[in-house]
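Report on the following structure.
Order of the sequence lines sets the chain letters (A, B, ...), proteins ahead of strands, with each chain counted from 1.
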2 protein chains.
Amino acid sequence: MGRPRQRTPELREKILDVALDLLAVDGPSAVTTRAVATAAGTSAPAIYELFGDKSGLVRAVFFDGFRRLRDRFAELPPPQGTPADLLAVIDAFRDFTRENPRLFEVMYTKPFAVYAPAPEERELGDATRSAFVDRARSLVQADQLHGDAVDIAHGVLGLVVGLATQETAGFLGATAEDCDRRWRGAAESLLRGYGVDSNA
Amino acid sequence: MGRPRQRTPELREKILDVALDLLAVDGPSAVTTRAVATAAGTSAPAIYELFGDKSGLVRAVFFDGFRRLRDRFAELPPPQGTPADLLAVIDAFRDFTRENPRLFEVMYTKPFAVYAPAPEERELGDATRSAFVDRARSLVQADQLHGDAVDIAHGVLGLVVGLATQETAGFLGATAEDCDRRWRGAAESLLRGYGVDSNA
DNA sequence: TGGATTTTGTATCACTGATACAAAACTCTG
DNA sequence: CAGAGTTTTGTATCAGTGATACAAAATCCA
């Protein structure tokens, strides 16, 4: 008995969808509690009941971004045991950041002052690591790359995060050809460098 | 005649110093117009007279960051014509980001919703490019690296921005040794990879 | 000393995140 | 079927932010 509930898990998803949409279209400054609530057909306090506070909403966006990225990686063809396996992950990562630049920024930079992921949140949400680490490990075991697989994965992730940051900000190059060439050259060079046994 | 001026270029510098300090100590959310003005011994409208608006203040912080980074690069020993020249720039860049993590974020990510550098501002403020590009060009001419020097510089810059982003956020590694090893491994591998003539 | 002039800081606005609480919406009993 | 009882919701409000109009302050000169 009592007034029927409207602040359901379904409304939570609706709010999250609206937040993702506002973020993608008009950027972080458009994601205000009032704007999100109104566009979702409810009022601001619903966000606080369903997400705790605004940082909870941004956190949900953050996790959803990593879920989508994981789905993207899951569509990749099975690894063949060559460095091209890692190049495929790099390409998929880049495609994702070009299609979802604001979402990428929420995941890897901190456009919202109210939310910075704690290390454990980062690990939970980070689907990236395993895609990189698993392939790096296979390649190290196959003697195609040399060094610690986790170190290599962090290096590759560092490169792609940096290139994507520069590209989404418009500073990687003026033309698509410039950006393509720089992505490809850097990715191939890094893997080539990891392929050399520096202790040999 | 009239009331003596207080909103002088000296006060502008004072305000900028205060903003840099508040940013470094308490992060972007501590840089409010009131807090900066009070700490500088003036009132909020002075900021608007001297900087236009808050994004103007953040822009000044942005430029000051690149000035400091350029000074850091200027202290580097003269290039010797080996890939170690670029490794030295990479090390100096990393040192800078570890000593000024919030400032680095203002320069390369967008922690303030109100300010994103326009491409021409980025080029003006970017002392990074020439330090990387000049050395890359020398190494390409000396046949130590292969490819376009500007492309290589963008690739190296991408790597260091990404690694620094991850490190300042605490996601590059749990210990200093982890971070050191991953920086070194990635930097050396990338340069090693650029050293191979992929068209040969 | 007091008018004229320039500069400053206070008071205020719109908007944001956040929340208290009265109105709304429903169930069930007498 | 009226209305008490219960639960939920959205409105009204608060403090803090970026921004600005304008009265008060501070000076100079007649």
With a cut-off of less than 4.0 Å, is there a side-chain N or O of A/Thr42 near OP1 or OP2 of D/dG10? yes
Atom pair distance, as rounded to whole Å: CG in A/Leu57 and C1' in C/dG17: 12 Å
Donor-acceptor contact below 3.5 Å, side chain B/Asp151 vs main chain A/Arg182: no
Looking at A/Arg67 and A/Asp64, is there a salt bridge between them, counting it only when a charged N and a carboxylate O are closer than 4.0 Å? yes
base_contact_polar (C/dG17 base, A/Arg34 side chain, donor-acceptor, <3.5 Å): yes
Whole angstroms only, please: what is the CD-P distance between B/Glu49 and D/dG18? 18 Å
Is the CZ atom of B/Arg129 crowded by more than 12 outside heavy atoms at less than 6.0 Å? no
Spell out, yes or no, whether B/Phe171 and A/Val106 are grouped together once hydrophobic residues are joined by side-chain heavy atoms under 4.5 Å, including indirect joins. no
Can you tell whether the side chains of A/Arg68 and A/Glu99 come within less than 4.0 Å, N to carboxylate O? no
In terms of heavy-atom contacts, does CD of A/Glu13 have more than 12 from other residues, nucleotides or ligands at under 6.0 Å? no
For D/dG18, does either OP1 or OP2 sit under 4.0 Å from a side-chain N or O belonging to B/Thr33? yes
Identify whether B/Val150 and B/Val140 are in the same connected component of the hydrophobic contact network (ILVMFWY, side-chain heavy atoms under 4.5 Å). no
Euclidean distance, atom CG of residue A/Leu50 to atom C1' of D/dG10 [Å, nearest integer]: 14 Å
Check each residue of residues 5-29 of chain B for a non-hydrogen atom within less than 4.0 Å of any atom in DNA chain C, then write out the ones that pass by number, or none. B/Arg5, B/Gln6, B/Arg7
salt_bridge(A/Asp91, A/Arg72) N-O dist < 4.0 Å: no
Look at all strands and tell whether B/Val31 reaches a base, only sugar-phosphate, or nothing, counting heavy atoms closer than 4.0 Å. sugar-phosphate
Per-nt protein contacts along nucleotides 19-30 of chain C (heavy atom under 4.0 Å; B base, S backbone sugar-phosphate only, - none) come out as B----BBBB---
